[in-house]
Amino acid sequence: MAEHIRVLLSEEEVDRRIQEIGEQISRDYAGKKVHLVCVLKGGSFFMCELAKRITVPVSLDFMSVSSYGSDTKSSGVVKIVKDLDESLKDKDVLVVEDIVDSGRTLSYLLEMLRDRGPASLRLCTLLDKPDRRVIDVNVDYTGFQIPDEFVVGYGLDYDQMYRNLPYIGVVEFDN
Ligand code: IMP
Ligand code: MG
């Protein structure tokens, strides 16, 4: 089936919002360091752009998780595919995600990371689909709240494609 992409948030809109969040984080963490934890692969584009706009000292680490279940519906049981390289003990940790959908992956992940003894643990997501929430997740920084539509770009994929789009688009199927 052929598909095309309708622009939902332009490159300029996304860049502008990331600049604002970067400034907000820089204010909130003034006098501290922030340790960014990127959830691969989706969070990677957002984290790189965000990190460039944070003015307090930044360190970063990556992890990869897979949720059991189909790609468009997560089960909430999360398997660590690649764990962090560094300890979180006593660090001010900010988890950077592409999107919070049902909230299952994040609520599980945050609980797991909290057990590792960070000084603080916050969550930053580029996109939030509040209508889809099944498990309550406390999101500290949100780029955009979006309607319940399947989106790609800026790290988000459809069947592993479109992650490289510099904007957020909705996948529409031609018939
Ligand atoms: P949750 O556990 O339902 O919150 O699942 C979140 C994960 O599902 C995200 O990290 C994405 O990998 C994936 N996901 C949810 N919605 C979308 C979407 O609209 N486009 C692409 N991936 C999505
Ligand atoms: Mg993700």
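First listed ligand is number 1; within each ligand, the first listed atom is number 1. Residues take their numbers from the sequence shown, with the count starting at 1.
Judged by the shortest distance from any of its heavy atoms, Val134 lies outside the 4.0 Å radius around the atoms of ligand 1. Using a 4.0 Å heavy-atom cutoff, Glu149 is listed among the residues neighbouring ligand 1.
Residue-environment remark: CG (Asp136) stays at or below the threshold of 12 foreign heavy atoms within 6.0 Å.
Taking the six-membered ring wherever Trp is involved, the centroid distance between the rings of Tyr158 and Phe173 falls below 6.0 Å.
Below 4.0 Å from some heavy atom of Lys129 lie the following atoms of ligand 1, by number and element: 16 (N), 17 (C), 18 (C), 19 (O). With ligand atoms numbered from 1 in the order given, ligand 1 contributes 21 (C) to contacts under 4.0 Å with heavy atoms of Asp157.
Only the side chain of Asp98 comes within contact range of ligand 1, with a heavy atom under 4.0 Å; no backbone atom does. At a heavy-atom distance under 4.0 Å, only side-chain atoms of Glu97, from C-beta outward, approach ligand 1.
Exactly one residue among Arg17, Gln24, Arg16 makes a side chain to side chain donor-acceptor pair (under 3.5 Å) with Glu20. That residue is Arg17.
Between the side chains of Tyr154 and Asn164, no donor-acceptor pair is found at a separation under 3.5 Å.
With sequence neighbours excluded, no residue satisfies salt bridge (charged side-chain N to carboxylate O under 4.0 Å, His left out) with Asp115. By the salt bridge (charged side-chain N to carboxylate O under 4.0 Å, His left out) test, Arg6 pairs with Glu149, Glu172, sequence neighbours left out.
Ser107 OG to Leu123 CG: the interatomic distance, rounded to the nearest 0.5 Å, is 10.5 Å.
Of the candidates Leu156, Ile168, Thr105, it is Leu156 that places a heavy atom closest to atom 22 (N) of ligand 1. The heavy atom nearest to atom 7 (C) of ligand 1, out of those in Leu40, Ile99, Val170, is found in Ile99.
Geometrically, ligand 1 and Val100 share no nitrogen or oxygen pair separated by less than 3.5 Å. Residue Gly103 has at least one N or O atom closer than 3.5 Å to an N or O atom of ligand 1.
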